[in-house]
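The figures that follow rest on heavy atoms only: side chains count, while hydrogens, waters and symmetry mates do not.
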Amino acid sequence: MPLKILSFNRGLLVQNLRSVSWIGIVHFLLWFAAIPLQLLMAYSQQEDSGHYPEWESLYSISAPFQTMIVFTLPVLLAALLFRYMQGKQSSDFMHSLPVQRAELFCQQAVFGMLLIIGPIVLITLLVIVCRYGLSLSVPLTIGDIIRWMWETIVMELFVFAASVFVGMVTGMSTLQIVFTYILFLFPASITVLLLTNTSFLLVGFSADYYLSKNLEEIVPFYRYFNLSIESLTAGESLVYLFLIILFLIFAIWLYQKRPSEAATQALAFPVLRPLFKYGVAFCTMLLGGFYFGVTQNQFAWILFGYITFSLLGFFIAEMVIEKTWRVFYKWKGYVYFAAAMVAIGFLLHLDITGYEKRLPALEDVRQVYFGSSVYDFINNGERSYMSFEQENQFLKEKGNIRAVYAFHRQLIKDQPRPSRLTDQRQVVIGYVLKDGKRMIRQYNVPSKAYFSYYKPILESKEYKKNYYLLLRDQGYSPIRQVTFLHLETGDKTLTIIEPQQIDSFVEALKADLMEESASTMLELDSPKVVRAVDIEFLQSDGDTFTLSWKETYTHVEKWLNDHHLLEKARGGVE
């Protein structure tokens with residue numbers, strides 16, 4: 001018997017070399033076209049013209065093409081190596097041979113890994129020869145090349161192992177390929193859908209706060225494409241290696257349990273069919289709610305999206321499982337699903353955790369955050385650039401803390417819902433407590449209805465001094481020129497370069513900014529509040545910032561009139 005097994009293994013290896021090894025050749029040729037050939041062409045260009053592409057790493061050379069190779073060849077290889085499982089006759093024949101399934105799986109998997117690792121190692125050697133043999137003027141070291149080899153092997157093995165695992169749960173090669181790509185996108189996609197739909201159903205929930213956590217990093221396509229900027233960390237490499245091992249362990253376990261009649265079936269194990277059916281219905285339901293929530297922003301449309309998309313998902317999943325469109329008589333399964341979703345929705349509406357009504361004790365609040373975006377709260381107010389107007393602020397004065405707290409308490413009482421029928425603004429309220437804990441809520445509110453709550457906050461001295469760049473204690477360089485620009489023609493109507501005039505003009509503008517009303521800041525006034533003239537400030541460091549000349553700037557108008565510059569500044573605009 002051992003001789004028979006040895007003979008069989010050798011025969012299987014020969015069969016794989018005949019039927020699948022071409023994938024290894026294609027793999028090598030594609031990588032050759034992606035990197036070594038590009039280096040050779042660059043060398044030719046360098047010899048002819050002296051110019052050379054500015055490549056910072058191997059990933060900079062045809063990055064999209066490299067990503068395509070990493071995420072197509074291993075998937076195709078896995079589908080071809082285990083294609084015998086997806087046909088009734090071939091599956092029966094292979095599994096009737098005198099060899100254990102575990103041994104057969106290991107031989108196929110190892111052969112696939114060799115077809116992945118071998119070409120990449122050869123390409124690495126060619127790149128080293130090109131880099132040092134041709135004396136290319138490119139900032140690539142041996143370390144950079146080895147890093148590329150390691151990261152590419154890890155990512156390709158990860159894709160291969162995932163595809164092999166998926167192949168064990170389906171009996172169709174086409175679905176194996178489709179399900180593999182769905183698997184790569186699923187973690188990030190389901191997170192986005194769950195968080196966004198929760199924000200539709202739970203008043204005050206901030207999906208943006210949780211979606212700002214570099215979610216794209218868990219999408220393998222994006223992570224590989226981004227390796228030119230950020231290498232895999234040791235932790236990430238260990239995670240990918242762990243997933244490779246995990247996928248292969250589960251794959252070999254499923255392979256040994258897989259029934260022979262699973263060939264040509266959409267799902268190899270009957271226990272997976274209800275999970276797949278209701279899982280697809282759930283995901284498409286969330287997709288429908290996401291689509292109508294983003295486009296229509298009304299609960300009736302969101303509910304419509306839940307119902308129609310879940311119906312479509314449920315019956316499409318049934319069609320995939322049964323391989324026929326005659327599945328509509330199985331409507332009772334959808335009724336059970338709908339009842340479960342209604343129960344979950346009812347529990348969310350009851351808010352049994354008290355999330356919607358949760359409010360910290362006022363005496364425990366160290367500072368509050370008030371604005372329209374969560375990102376400054378996440379970054380603790382640290383910004384990579386300074387804008388002239390900054391509405392997202394941390395406020396520490398007791399009066400402002402009480403005003404924001406009162407605003408939030410009223411929002412909890414009113415439970416405002418998004419609507420397209422009224423002019424709404426996004427309000428983000430955050431708390432930093434004395435014990436270091438943080439809390440954040442996000443609402444869409446009609447500005448006019450809550451104007452009385454906006455007014456004391458926006459017109460406070462603390463908020464104003466942080467809102468406008470000119471009123472901040474620091475953040476801009478001395479002004480060396482002020483220019484009035486006609487919006488329609490782009491012409492300069494007035495330029496002020498005298499230092500004393502600039503100083504006095506800026507002081508007049510600061511007085512107007514400090515006196516600006518909350519209704520003007522919220523743009524609730526008539527559109528005529530803004531003149532067709534902008535004021536541009538040139539700083540001593542060369543940077544500029546611009547603001548609109550508003551009719552409410554009475555101190556600016558008086559200054560211009562006192563200096564006999566009003567008509568010139570207007571440029572004929574009334």
Please give me the minimum heavy-atom distance between [X] and [Y], naming the atom from each residue.
X    : Y    : result
G167 : M85  : O-CE, 3.6 Å
I321 : K277 : CD1-CB, 4.2 Å
G24  : P119 : O-CG, 3.7 Å
C283 : L193 : O-CD1, 4.0 Å
M285 : S310 : CB-CB, 3.6 Å
G313 : V280 : O-CG1, 3.4 Å

Using a cut-off of 6.0 Å, state whether more than 12 heavy atoms not belonging to K323 lie near its atom NZ.
->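 Check passes, neighbour count above 12.
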In terms of heavy-atom contacts, does CZ of F250 have more than 12 from other residues, nucleotides or ligands at under 6.0 Å?
->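 12 or below, so no.
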Could you tell me the separation between the [atom1] atom of [X] and the [atom2] atom of [Y], rounded to the nearest 0.5 Å?
X    : Y    : atom1 : atom2 : result
M341 : I307 : CE    : CD1   : 13.0 Å
L175 : L267 : CG    : CG    : 8.0 Å
R438 : Q367 : CZ    : CD    : 8.0 Å
I117 : L157 : CD1   : CG    : 5.0 Å
L115 : L73  : CG    : CG    : 10.0 Å
T124 : I35  : OG1   : CD1   : 8.0 Å

Report yes if the distance between the aromatic ring centroids of F247 and Y240 is under 6.0 Å, otherwise no.
->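 Judged by ring-centre distance (under 6.0 Å), F247 and Y240 do not meet the cut-off.
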When the ring centroid of Y369 is compared with that of Y431, is the distance short of 6.0 Å?
->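 No, too far apart.
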Return the orientation label for the [X] and [Y] ring planes: parallel under 30°, perpendicular over 60°, tilted otherwise.
X    : Y    : result
F82  : Y84  : tilted
W31  : W148 : perpendicular
F314 : Y278 : tilted

What residues form a side-chain hydrogen bond (donor to acceptor under 3.5 Å, both in side chains) with Q426, not counting sequence neighbours?
->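 Expected list: Q442.
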Begin from the C-alpha positions of T152 and E156 and carry the test side-chain contact (heavy atoms from CB on, under 4.5 Å) through to its verdict.
-> CA-CA 6 Å; T152 302; E156 287 208 15; 4.1 Å; yes
Carefully, step by step, assess F299 and F200 under the rule ring-ring contact (aromatic ring centres under 6.0 Å, His included).
-> CA-CA 8 Å; F299 184 73; F200 298 150; 9.4 Å; no
Give the C-alpha distance, both sets of side-chain angles, the deciding distance and a yes or no for ring-ring contact (aromatic ring centres under 6.0 Å, His included) between F165 and F160.
-> CA-CA 9 Å; F165 165 74; F160 175 74; over 10 Å; no
Just do the ring-ring contact (aromatic ring centres under 6.0 Å, His included) check on F290 and F309 with the steps written out, would you?
-> CA-CA 11 Å; F290 174 82; F309 276 63; over 10 Å; no
Does a side chain donor of either [X] or [Y] reach within less than 3.5 Å of an acceptor in the other side chain?
X    : Y    : answer
N392 : Y375 : no
T170 : Q176 : no
E151 : Y224 : no
Q393 : D376 : no

Is the charged tip of R441 near the ring of Y355: under 6.0 Å from the six-membered ring centre and within 45° of its axis?
->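 Yes - R441 lies over the ring of Y355, closer than 6.0 Å to its centre and within 45° of its axis.
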Step by step, work out the side-chain contact (heavy atoms from CB on, under 4.5 Å) result for V428 and S372.
-> CA-CA 5 Å; V428 177; S372 63; 5.6 Å; no
Could you go through the side-chain contact (heavy atoms from CB on, under 4.5 Å) check for I429 and V368 one step at a time?
-> CA-CA 7 Å; I429 296 175; V368 295; 5.8 Å; no
Taking the side chain as C-beta and beyond, is there a heavy-atom pair between [X] and [Y] under 4.5 Å?
X    : Y    : answer
M168 : V164 : yes
F377 : V432 : yes
H27  : I69  : yes
V26  : L30  : yes
L81  : L77  : yes
L58  : I61  : yes
I23  : F28  : no
R273 : Q265 : yes

Passes side-chain contact (heavy atoms from CB on, under 4.5 Å), L194 versus F282? Steps please.
-> CA-CA 10 Å; L194 283 171; F282 180 70; 3.9 Å; yes
Of F221, F158, Y181, the residue whose pairing with F71 passes ring pair (Phe, Tyr, Trp, His ring centres under 6.0 Å) |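 With F71 as partner, ring pair (Phe, Tyr, Trp, His ring centres under 6.0 Å) holds for just one option, F221.
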Donor-acceptor pair, side chain of S62 and main chain of F65, under 3.5 angstrom =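 Side chain of S62 to backbone of F65: no pair is present.
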